[in-house]
Amino acid sequence: METFNKDTTAYERASRRVKELKEFYGNLTSFCIVIPFLAFLNLMTAPGYLWFLWPMLGWGIGITFHAVNVFGIGKSWEENKIKELMAEENRKTKTL
């Protein structure tokens, strides 16, 4: 029974991780398609004012934070904390 719980938990974590990666790459793909379109539209209609830089900057900052969340420093800490809490839970159940 304990092995089933560990396998289920590992599967759920892996599934969450895949979802996070998929969302990040979807966001990045959208950025890479939409921003060049906006740049083209801007340069064709009003080349004197480069307004496409504003959405590029805002969305780029968002993608940066998204990347840090998905790939960044917090992941190793989170995984270590999960392992620590699981070990603590195992100790509690063994003493009962």
* Asked: Among the clusters formed by ILVMFWY side chains lying less than 4.5 Å apart, do I61 and M56 turn up in the same one?
  ->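 Yes.
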* **Common cluster, V34/L57, ILVMFWY with side-chain heavy-atom separation under 4.5 Å** =>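 Yes, one cluster joins them.
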* Identify, with sequence neighbours excluded, every residue that meets side chain to side chain donor-acceptor pair (under 3.5 Å) alongside E89. =>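 Applying side chain to side chain donor-acceptor pair (under 3.5 Å) to E89 gives none.
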Counting only pairs under 3.5 Å, give me each side-chain donor-acceptor contact of residues 21-29, with atom names and distances, residues two or more places apart or in other chains.
residue	atom	partner	partner atom	Å
N27	OD1	W59	NE1	2.8
N27	ND2	H66	ND1	3.2
T29	OG1	Y25	O	2.7

* Asked: E12: what forms a salt bridge (charged side-chain N to carboxylate O under 4.0 Å, His left out) with it, not counting sequence neighbours?
  ->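 Partners of E12 under the salt bridge (charged side-chain N to carboxylate O under 4.0 Å, His left out) test: none.
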* Only counting residues at least two apart or in another chain, list the ones meeting side-chain contact (heavy atoms from CB on, under 4.5 Å) with E88. =>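 Testing E88 for side-chain contact (heavy atoms from CB on, under 4.5 Å), a comparison that skips the adjacent residues, returns L85, R91, K92.
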* Asked: Between V70 and R17, which heavy-atom pair has the shortest distance, and what is it?
  ->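 Heavy atoms only, the tightest pair is O-NH1, 2.6 Å.
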* I63 side, atom CD1; C32 side, atom SG - distance, nearest 0.5 Å ->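 Nearest 0.5 Å value for the CD1-SG distance: 7.0 Å.
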Donor-acceptor pairs under 3.5 angstrom involving side-chain atoms of residues 39-52: please list them, not counting sequence neighbours.
residue	atom	partner	partner atom	Å
N42	OD1	W51	N	3.0
N42	OD1	F52	N	3.3
N42	ND2	A46	O	3.0
N42	ND2	Y49	O	2.9
T45	OG1	L41	O	2.8
Y49	OH	W54	NE1	3.0

